[in-house]
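One is the number of the first residue; the rest follow in order along the sequence. Scope of the values below: all heavy atoms of this structure, side chains included, with no hydrogens, waters or symmetry mates.
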Amino acid sequence: MVAVSEVFKAWQEGFANKDSSKLAEFLTDDFQFIRPAGGARTRQETLDWTAAGGSPTSIDDLELLYENDDVAVIVHSVNGDGSTVMGFYTKRDDKISEVRNVRQAV
């Protein structure tokens, strides 16, 4: 089973090092990243965004609320600006097939 904590770490390192190769190992070919403002990024768009360092983006303080073989629910901080993200991860074939995030300034 893919652990979301491993995916989160790969994402953190990808933003910091501008290298999405580790993250790519965790995403299905048809992966979708559903953004808070609407729309979705494909797998390749997500990898390109990560390799560019985000917007810039830094993520930290992972709190895993729930995880099983099919889904995970997490909360984490983003950009050190007081924003909090809640994420819903869908798993398939021991990879992540979708991430749906909601971001809120606290």
message: What verdict does the side chain to side chain contact (heavy atoms under 4.5 Å, CB included) test give for V7 and L23, after you've listed the backbone C-alpha separation in whole Å, the side-chain angles of each residue and the deciding distance to 0.1 Å?
response: CA-CA 7 Å; V7 178; L23 179 63; 4.0 Å; yes

field: Verdict with supporting geometry, W49 and S55, side chain to side chain donor-acceptor pair (under 3.5 Å)
entry: CA-CA 8 Å; W49 172 64; S55 304; 3.1 Å; yes

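Note: E98 CD to Y89 OH = 11.5 Å, rounded to the nearest 0.5 Å. The CZ atom of R103 sits 5.0 Å away from the CG atom of N79 when rounded to the nearest 0.5 Å. Distance NZ/K22 to OG1/T50: 14.5 Å, rounded to 0.5 Å. Expressed to the nearest 0.5 Å, how far CZ of R100 lies from CZ of R35 amounts to 13.0 Å.
Of all heavy-atom pairs between I59 and F8, the closest is CD1-CE1, 3.6 Å. Across every non-hydrogen atom of A40 and I34, the tightest pair is CB-CD1, 3.7 Å. Of all heavy-atom pairs spanning F26 and A10, the tightest one is CE1-CB, 3.8 Å.
Cluster membership for V85 and I96, using ILVMFWY side-chain heavy atoms within less than 4.5 angstrom, is shared. At a threshold of 4.5 Å between side-chain heavy atoms, the hydrophobic network of Ile, Leu, Val, Met, Phe, Trp and Tyr places W11 and F88 in two separate groups.
Of the possible donor and acceptor atoms, one in the side chain of D94 sits under 3.5 Å from a partner among the backbone N and O of V2. Of the possible polar contacts, one joining the R43 side chain to the L27 backbone as a donor-acceptor pair under 3.5 Å is found. A donor-acceptor contact shorter than 3.5 Å is absent between the side chain of S20 and the backbone of G14.
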Table please: side-chain donor-acceptor pairs of residues 60-68 below 3.5 Å, with sequence neighbours left out.
| residue | atom | partner | partner atom | Å |
| --- | --- | --- | --- | --- |
| D61 | OD2 | S77 | OG | 3.0 |
| Y66 | OH | N68 | ND2 | 2.9 |
| E67 | OE2 | V4 | N | 2.8 |
| E67 | OE2 | K91 | NZ | 2.6 |
| N68 | OD1 | D70 | N | 2.7 |
| N68 | OD1 | V71 | N | 2.9 |

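Other residues, nucleotides and ligands contribute over 12 non-hydrogen atoms within 6.0 Å of the NZ atom of K95.
The side chain to side chain donor-acceptor pair (under 3.5 Å) test with Q44 is passed by exactly one of D48, T46, T42: D48.
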